[in-house]
Amino acid sequence: EAGVVQSPRYKIIEKKQPVAFWCNPISGHNTLYWYRQNLGQGPELLIRYENEEAVDDSQLPKDRFSAERLKGVDSTLKIQPAELGDSAVYLCASASTYEQYFGPGTRLTVT
Amino acid sequence: AQSVTQPDIHITVSEGASLELRCNYSYGATPYLFWYVQSPGQGLQLLLKYFSGDTLVQGIKGFEAEFKRSQSSFNLRKPSVHWSDAAEYFCAVGLSYNTDKLIFGTGTRLQVFP
């Protein structure tokens, strides 16, 4: 069984530029999560999807962050424009019951 | 507010020694508790979880954890550490009314010396 796939694995951009991250969850998993993990911290939930619906986006900074999950499978997280403080690892996870399976993450560096 | 505390930022042990990583949580109801491990450049892998029942939980890779309600703790243990156990370990709590929402601690980095 393939795991959660994320791309790119690394991204370096200048501040004020846009950036997008892509996630392909485990087949059959209806629930998809985006987390942000700052250096030396645990992951923090940004948004959770149940199929196509964003059921918890209370922690998503909506002025610059957006996400979509068309057709309830793949998902894209976008930042526009990026700020220096957005440098972090962005993790995607998927779940079918109570266990979340995490992808390897995208390490974003904003210069 | 719900929170998870991992008081040890960094722990160093010798290979073959026993290990205990501490985790304390703050939550008014019965929590769902998890331990994850993260190797460099990798995503998080679930080691074990506690939902109910036996308070001593067995996980993968020889790890176990014990839920102690009176101490609001869920410490992770391993009797004999292997060099491959060097990684970052995260404790997390799932809120009983919404087990999908996980709150993570700040992690403990484990270093293993030969």
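Order of the sequence lines fixes the chain letters, A, B, ..., with proteins taken first and strands second; residue numbering starts at 1 for each chain.
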Given that the side chain runs from C-beta out, which part of Q37(A) has a heavy atom under 4.5 Å from chain B: side chain, backbone, both or neither? side chain
Is the shortest heavy-atom distance from the side chain of L46(B) to the side chain of Q100(A) under 4.5 Å? no
From F102(A) atom CZ to Y36(B) atom OH, the distance as rounded to the nearest 0.5 Å: 5.0 Å
Using non-hydrogen atoms and a 4.5 Å limit, figure out which bit of Y10(A) sits close to chain B: side chain, backbone, both or neither. neither
Around W83(B), counting heavy atoms of other residues, nucleotides and ligands shown, do more than 12 lie under 6.0 Å from its CH2? no
Identify the two heavy atoms, one from G42(A) and one from F104(B), that lie closest to each other, and give their separation to 0.1 Å. CA-CB, 4.1 Å
Taking side chain as C-beta onward, heavy atoms only, is L44(B) less than 4.5 Å from L91(A)? yes
Does E14(A) CD have over 12 foreign heavy atoms under 6.0 Å away? no
What residue pairs, at least two apart or across chains, pass ring pair (Phe, Tyr, Trp, His ring centres under 6.0 Å) with a residue in residues 75-97 of chain A? F21(A)-Y90(A)
Sequence neighbours left out, what pairs pass salt bridge (charged side-chain N to carboxylate O under 4.0 Å, His left out) with at least one residue falling in residues 68-82 of chain A? none
Measuring heavy-atom distances to chain A, does Q38(B) have an atom under 4.5 Å in its side chain, in its backbone, in both, or in neither? side chain
Counting only heavy atoms not in L56(B) (residues, nucleotides, ligands), do more than 12 fall under 6.0 Å from its CG? yes
With chain B, the option among R9(A), Q6(A), Q41(A) that has the most non-hydrogen atom pairs under 4.5 Å is Q41(A)
If you draw a 6.0 Å radius around CD1 in I9(B), do more than 12 non-hydrogen atoms from other residues or ligands fall strictly inside? no
With a 4.5 angstrom heavy-atom cut-off, could you sort out which part of R107(A) is near chain B: side chain, backbone, both or neither? neither
May I ask you to check whether over 12 heavy atoms, not counting those of E64(B), lie within 6.0 Å of atom CD? yes
